Protein chains: 2
Amino acid sequence: MHNEDLLRPVTGADDLIAPLAELNTADAVEYLNAQDREDATAVLAALPQPRAVKILEQPELRDASALVAALPPELAAALLGQMADDRATDIFHELDAAQREALLWRLGTDARLSIQKLMRYPPHTAGALMTTEFVAVPADWTVARTLQYVREVERSRETVYAIYLLDPRTRQLEQVVTMRRLITGLPETPIMEVAQVNPPIAVDPMLDQEEVARLIRRHDLLAIPVVDAGGHVLGIVTVDDILDTLIAESTEDVQKFGGVEALDKPYMHIGFGEMIRKRAGWLSVLFLGEMLTASAMQHFEDELSKAVVLTLFIPLIMSSGGNSGSQATSLLIRSLALRELRLRDWWKVALRELPTGMVLGAILGLLAIIRIAVWQNTGLYDYGAHWKMVALTIGAALVGIVTFGSLSGSMLPFVLQRLGFDPASASAPFVATLVDVTGLVIYFSIAAAILSGTLL
Amino acid sequence: MHNEDLLRPVTGADDLIAPLAELNTADAVEYLNAQDREDATAVLAALPQPRAVKILEQPELRDASALVAALPPELAAALLGQMADDRATDIFHELDAAQREALLWRLGTDARLSIQKLMRYPPHTAGALMTTEFVAVPADWTVARTLQYVREVERSRETVYAIYLLDPRTRQLEQVVTMRRLITGLPETPIMEVAQVNPPIAVDPMLDQEEVARLIRRHDLLAIPVVDAGGHVLGIVTVDDILDTLIAESTEDVQKFGGVEALDKPYMHIGFGEMIRKRAGWLSVLFLGEMLTASAMQHFEDELSKAVVLTLFIPLIMSSGGNSGSQATSLLIRSLALRELRLRDWWKVALRELPTGMVLGAILGLLAIIRIAVWQNTGLYDYGAHWKMVALTIGAALVGIVTFGSLSGSMLPFVLQRLGFDPASASAPFVATLVDVTGLVIYFSIAAAILSGTLL
């Protein structure tokens with residue numbers, strides 16, 4: 001069976017692809033996402049191959065691997081072979097082993113080798129993100145020869161705007177020339193003369209994708225070369241891969257901060273069981289941690305039964321500790337992610353959070369004292385004969401707990417980074433739980449100190 | 001005084017700029033960020049102007065406007081005039097009115113007009129983000145003529161990789177041609193023949209920058225044209241502006257979710273007073289809201305004094321509601337931001353969160369019942385004669401509160417969007433506060449129903 005046969009319209013194929021005639025690629029992807037799998041597969045099979053390839057290359061296409069697996073194997077292999085190799089690799093990653101083998105051996109040798117190479121890199125690394133479809137020429141070529149070469153290979157390259165110049169003998173990366181410099185050069189100029197002067201910025205294939213994004217952004221690049229230890233270019237990471245990465249990372253960060261395992265799929269596309277699993281894990285861990293509050297409360301049972309009035313303010317006081325902690329954590333997570341602060345700066349942060357927490361605690365403490373005084377004096381509620389001491393207790397406890405919350409909330413991302421975790425794994429619920437237990441102990445200790453002899 | 005005089009090294013200028021000799025632009029920015037303002041200004045003044053311009057164009061340079069203001073006005077104007085107009089505009093925005101006037105009138109007419117035009121657009125819009133330094137040619141030119149024109153203007157354009165083709169008569173945007181298609185075209189081909197076929201994707205200058213980022217990403221563009229109502233190109237937004245925007249938005253989202261006003265400056269560069277203001281506002285609002293818990297508790301004072309055992313579990317139960325709420329909110333914030341869900345989908349989400357919350361609540365409820373049974377039976381703590389009823393109360397309350405938390409946490413971003421706010425303004429502390437008050441009422445109502453006649 002030849003590939004041409006696959007282009008022959010099957011019955012009804014024209015009807016199937018008619019709605020896509022007027023759509024650009026992004027809209028076509030959206031159209032397919034709205035179809036069920038069978039229809040979407042039929043549309044892909046009926047489309048001209050170059051169009052189908054473009055659609056399959058969009059990371060926004062849902063369940064691309066399932067669609068590919070449902071196509072006739074010959075067609076699937078033909079499409080995968082024409083796709084950008086980094087996207088084809090993404091799809092291969094999601095296929096099961098049997099499907100993967102069946103398709104891999106139907107690919108041409110070049111495509112197969114580059115996909116097999118890319119599949120070896122762990123996810124979230126420069127190696128996993130890169131494409132091998134870049135332009136590299138010997139550094140002793142002229143501008144004219146390079147331009148002619150770019151014209152010939154343009155169709156099969158992900159970008160031609162950065163051209164990598166290799167040592168003609170060792171094939172090591174020597175320099176980078178941008179297309180804009182290239183087209184302004186005189187035809188017979190040696191290409192090294194129009195290249196940039198600074199040494200090229202390159203990354204190791206094992207570098208984390210967040211770090212790759214940071215470098216691309218820092219140096220305003222359209223692509224960054226990935227080189228091995230010997231200085232040979234393995235591939236390039238382009239800025240549009242980085243955009244997708246940044247969006248995905250930012251979703252992950254918000255979800256993690258909310259205390260959920262990263263979903264990596266749209267909300268409505270997660271099965272019920274999977275949704276429960278992604279949420280129940282952390283929720284249960286936090287719950288078990290929070291059980292310590294019950295133990296702490298049991299410990300202060302005497303105080304509780306003697307002074308029920310103290311109970312009234314437990315939720316208020318505890319939530320303030322959690323809130324100030326979650327503020328501090330959110331600030332520090334981003335500062336560490338953006339490299340505004342390093343691990344060694346922890347003490348500078350601690351020295352800032354200590355007075356910040358005290359002032360914030362004093363503000364809330366004052367609000368609480370006013371609240372109690374107003375309720376007491378207007379007769380809205382009677383906090384008892386020792387209401388002034390009670391108000392003082394609440395105020396002092398708020399200073400202590402908000403300070404503790406700010407301090408531990410700000411230190412948590414540092415501790416996580418020190419232990420080798422992503423600082424962004426610090427979640428608001430985690431901070432709240434951390435602060436709650438200690439908060440109760442602070443509250444009752446201050447109460448014991450102030451109220452002993454009167455209420456307690 | 002001529003500009004050339006400003007390049008004449010002042011005493012010690014060589015020493016000042018010596019450390020920058022080996023540094024690329026990004027590293028030079030980092031070096032300047034580490035200097036105090038006076039030294040940084042002196043370095044900028046001593047550098048060759050093209051180098052100083054490149055450094056000032058980096059958004060990572062801190063307090064760029066203060067540095068510019070501290071330079072001799074002639075030099076400041078010379079540098080601003082050579083900068084990309086979008087970055088120069090950013091700097092003008094941060095100058096005070098007097099400095100702005102003084103510098104604006106020292107600029108050349110072209111630079112002044114384009115900066116004045118850009119300053120009219122509100123922040124965070126396509127208009128505020130765009131540069132007017134793009135390449136546009138009449139649509140009836142040939143490939144050769146266009147390439148020749150690009151070579152001539154290349155130096156003064158932010159990107160030359162997207163070329164905008166205008167109707168020769170009306171100057172309206174007709175089509176876009178990419179540099180890679182241009183260089184592969186034969187010299188005498190009309191340029192419209194190598195242009196893309198789909199209508200060009202363009203945006204209104206008032207479009208929000210998040211939406212611009214979404215379009216650039218969706219269509220894998222290097223730049224997007226900004227057009228007025230008449231179809232004339234006002235400027236373009238490039239992908240590196242979008243990268244910076246995405247990073248800033250993602251910082252803002254995490255900070256807002258943590259319950260802080262967005263900082264828009266690195267943590268260590270915020271003054272103490274400003275830090276307190278950015279945090280105290282939300283913290284106080286949440287505190288006032290949380291005061292309702294004290295009122296709720298006062299309402300249930302009888303129950304509390306009769307059954308101190310109920311008090312022990314208040315922190316545990318309330319935090320579970322807050323945690324499940326913050327999980328749901330974080331999921332929905334991102335789904336709405338990524339347009340995976342629309343406002344009209346709220347009921348689909350509600351129908352998912354209801355059973356999800358019930359199952360999650362049942363899991364936690366079971367954990368709580370096991371905890372109470374174990375403590376009771378091993379003699380670690382005595383929950384009294386009615387311990388089974390107490391355990392049942394806690395378990396049932398958890399189902400109710402976690403369900404309520406998931407439901408209200410997931411609906412909050414929808415409500416905010418409906419009211420015209422950014423759904424990302426929903427913060428974890430806000431959700432927790434929302435759930436805390438209702439959670440207490442749910443807890444005591446269930447307690448009253450189950451324990452009435454025994455403990456209560």
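Naming convention: chains lettered A, B, ... in sequence-line order (proteins, then strands); numbering from 1 in each chain. Values in this document were obtained by computation on a predicted structure and should not be read as measured data.
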What orientation do B:F257 and A:F257 show, parallel under 30°, tilted 30 to 60°, or perpendicular over 60°?
perpendicular

Heavy-atom distance under 4.5 Å to chain B: side chain of [X], backbone, both or neither?
X: A:V308; answer: side chain
X: A:L316; answer: both
X: A:V349; answer: both
X: A:M268; answer: both
X: A:I363; answer: side chain
X: A:D436; answer: side chain
X: A:N198; answer: side chain
X: A:A328; answer: both
X: A:A280; answer: both
X: A:D27; answer: both
X: A:Q58; answer: side chain
X: A:A424; answer: neither
X: A:T245; answer: neither
X: A:D244; answer: both

Check whether A:T293 reaches the backbone of B:P315 with its side chain - one donor and one acceptor, N or O, closer than 3.5 Å.
no

Would you say the side-chain atoms of B:R371 pair up with the backbone N or O of A:L288, donor to acceptor, closer than 3.5 Å?
no

Determine the option with the most heavy-atom pairs under 4.5 angstrom with chain A, choosing from [options].
options: B:I276, B:I201, B:L221; answer: B:I276
options: B:P59, B:S284, B:G289; answer: B:S284
options: B:T356, B:V239, B:D220; answer: B:T356
options: B:L367, B:T329, B:I247; answer: B:I247
options: B:S319, B:G325, B:A432; answer: B:S319
options: B:S324, B:P266, B:A428, B:G259; answer: B:P266

Among [options], residue most engaged with chain B (heavy-atom pairs, under 4.5 Å):
options: A:D240, A:L222, A:T184; value: A:T184
options: A:I333, A:V402, A:L341; value: A:L341
options: A:V260, A:L147, A:L304; value: A:V260
options: A:R155, A:Q298, A:R181; value: A:Q298
options: A:E60, A:M179, A:E152, A:M318; value: A:M179
options: A:L360, A:I216, A:V431, A:L398; value: A:L360

Under the 6.0 Å and 45° cation-pi test, does A:R352 pair with B:Y267?
yes

Could you measure the distance from the [atom1] atom of [X] to the [atom2] atom of [Y]? Nearest 0.5 Å is fine.
X: B:H299; Y: A:L312; atom1: NE2; atom2: CG; result: 13.0 Å
X: B:L243; Y: A:I242; atom1: CG; atom2: CD1; result: 8.0 Å
X: B:T25; Y: A:H219; atom1: OG1; atom2: NE2; result: 9.0 Å
X: A:S295; Y: B:Y381; atom1: OG; atom2: OH; result: 10.0 Å
X: A:L286; Y: B:N323; atom1: CG; atom2: CG; result: 5.0 Å
X: A:Q327; Y: B:E261; atom1: CD; atom2: CD; result: 10.0 Å

What I want to find out is whether [X] reaches [Y] closely enough, with some N-O distance under 4.0 Å, to be called a salt bridge.
X: B:E340; Y: A:K265; result: no
X: A:E353; Y: B:R279; result: yes
X: A:E30; Y: B:R339; result: no

Pairs where residues 248-258 of chain B contributes a residue and the test salt bridge (charged side-chain N to carboxylate O under 4.0 Å, His left out) is met, not counting sequence neighbours:
B:E252-B:K256, B:D253-B:R334, B:K256-B:D422

With sequence neighbours excluded, give me every salt bridge (charged side-chain N to carboxylate O under 4.0 Å, His left out) pair touching residues 291-320 of chain A.
none

With the side chain counted from C-beta on, respond yes when [X] and [Y] share a heavy-atom pair under 4.5 Å apart, and no when they do not.
X: B:L331; Y: A:M275; result: yes
X: B:T178; Y: A:Y161; result: yes
X: B:R180; Y: A:V150; result: no

Heavy atoms of A:P429 and B:S326 approach each other most closely as CG-OG, 3.4 Å

Is B:L440 close to chain A through its backbone or its side chain, or both, or neither, when contacts mean heavy atoms under 4.5 Å?
side chain

Would you mind checking which part of B:A368 comes under 4.5 Å of any heavy atom in chain A, side chain (CB onward), backbone (N, CA, C, O), both or neither?
both

